[in-house]
Amino acid sequence: MGTLAGFAAAIMLAGCSSGDDGAAAPVAAANADGPPEKPNLKLGFIKLTDMAPLAIALEKGFFVEEGLNVTLEPQANWKVLLDGVIGGQLDAAHMLAGQPLAATLGYGTQANLIAPMSLDLNGNAITLSNRVWEMIKPNLPMEGGKVRHPISAEVLKPVVERFKAQGQPFNMGMVFPVSTHNYELRYWLAAGGLNPGFYTPGDVGGTVAADVNLSVTPPPQMPATLEAGTIDGYCVGEPWNQQAVVRGIGVPVITDDQIWHNNPEKVLGLREDFAASNPATVAAMVRAIIKAQAWLDADNGGNRAEAVEILSRPNYVGADAAVLAASMTGQFTFEAGDTRPAEGFNVFFNDFAGYPYYSDAVWTLTQMRRWGQIAEDHPDIWYVDTAKRVYRPDLYLAAANKLVAAQVIPAEAVPETDGFRAPTAEFIDGMSYDGRKPNAYIAGFAIGLKEGQRVTASGVSGA
């Protein structure tokens, strides 16, 4: 990751690639039929529970049904995965929702990527070390003999002050600067009155004016980093929160669904030029993954036990089945003796989980601006146009509607939408979000950049 190199050029390209209505010019025929142009594919993933649609599409034969011979290859971290897609070593990947957006804007590495589908909703949590948990637990309200949830980050304020008085930073981990985990953790902290810091151009630390310092740790390394005391908590996907519980080294305190109900998580990311050259391949890939998503959510989770067994294999997530099952089978354990129903913790197909909403992309962009990764103000239409360059519901709908016609999925599983979710206030702070009005949303936060403000090494300046 680096500066916003090529940012202005990327914005010019965004204008050139949009039609009169602001929608992105198609890079592949939406109704691509015929045999795949490239039947042999290599797809990348990170060892997380939410790579499940790729594993299931392979193991249950859905890729083969669509004429594809797919190899799934785990990647060391999100940067390696991104570079693999950009460099062509990977044809597509299980990708952070922010990665194709950031790359298209030239944040870090410039590359024109698209996301023809979302892979899931929810699936992350925030875990604190035992030391911190023991400091906050006595002051938490109880309900039915258990800690009341959701837990506000406001309870951390005296802990952070105590660390500061002792000359110690309060450190937390997240998986990548443009990850949903970063933005969810920042959102939670700021909603509780703690500043998670701002980014300056050329800075990927994002610690200017920070009350809490956030740093990058690859997901599988989170528990070990917490146990070593390098970080005091983290935001990560499963199974690495449940792993902390099993190992007795930390306590999950809130899920991302409690921060933002049914928030988007991973996407299928690939190069725009790959989609242009291989429209039938992309259509087949999306259809296969939709079938896998439907399988994962079928029969009220009736297939989840089999999914857990598959994911536990070393070539996929490689965690113990019991740890995976702790969040994949309709429950979530916050601490020993406190396991609660959580049927919606991982959503793969229900609630239109696969549809790549423009408003989801816009939300990510608002958080990039809020924390300084997007250095300057932009009008609302810029956010929408940028979303339309990257998120491609036309490709998703072509694939989904073909499956409807073949009676593979029901028609009601495909949303009737213009690409935007209805406005929602299902956030931990009650803030209302309308994807068509990003600047009004950004302006509403007590902590975060305001119109006209910029970030320098010495702090925030401007209006």
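The first residue in the sequence is number 1, and the count goes up from there. Scope of the values below: all heavy atoms of this structure, side chains included, with no hydrogens, waters or symmetry mates.
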If you apply the rule side chain to side chain donor-acceptor pair (under 3.5 Å), what do you find for Gln373 with Tyr183, and how did you get there? CA-CA 11 Å; Gln373 291 172 328; Tyr183 304 131; 2.5 Å; yes
May I have the step-by-step check of side chain to side chain donor-acceptor pair (under 3.5 Å) for Asn124 and Glu184, ending in yes or no? CA-CA 9 Å; Asn124 299 332; Glu184 289 160 1; 3.0 Å; yes
Kindly determine whether Glu37 and Thr281 satisfy side chain to side chain donor-acceptor pair (under 3.5 Å), including the steps that lead there. CA-CA 6 Å; Glu37 302 87 357; Thr281 302; 2.8 Å; yes
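Residue pairs meeting the side chain to side chain donor-acceptor pair (under 3.5 Å) criterion with at least one partner in residues 81-97, sequence neighbours excluded, are Lys38-Asp91, Asp50-His94, Lys79-Asp83. The list of side chain to side chain donor-acceptor pair (under 3.5 Å) pairs with a residue in residues 51-62, not counting sequence neighbours, reads Glu59-Arg313, Glu59-Tyr316, Lys60-Glu306.
With no hydrogens or angles considered, no side-chain donor-acceptor pair links Thr104 and Asn112 at under 3.5 Å. Judged purely by distance below 3.5 Å, without hydrogens or angles, the side chains of Gln99 and Tyr107 never pair a donor atom with an acceptor atom. If you check the side chains of Asp256 and Asn122, you find no donor sitting under 3.5 Å from an acceptor.
Note that OH of Tyr441 is 14.0 Å distant from CG of Asp380, once rounded to the nearest 0.5 Å. To the nearest 0.5 Å, atom CE of residue Met51 and atom CD1 of residue Ile46 are 10.0 Å apart. Rounded to the nearest 0.5 angstrom, Glu335 CD and Thr333 OG1 are separated by 10.0 Å.
Ring planes of Phe427 and Tyr433: perpendicular class, angle over 60° (limits at 30 and 60°).
A cation-pi arrangement is present between Arg370 and Tyr187 under the rule of less than 6.0 angstrom and at most 45 degrees off the ring axis.
Counting heavy atoms from C-beta on, the side chains of Gln367 and Phe445 come closer than 4.5 Å. Two residues are said to be in side-chain contact when any heavy atoms from C-beta on lie closer than 4.5 Å; Ser215 and Ile231 meet this criterion.
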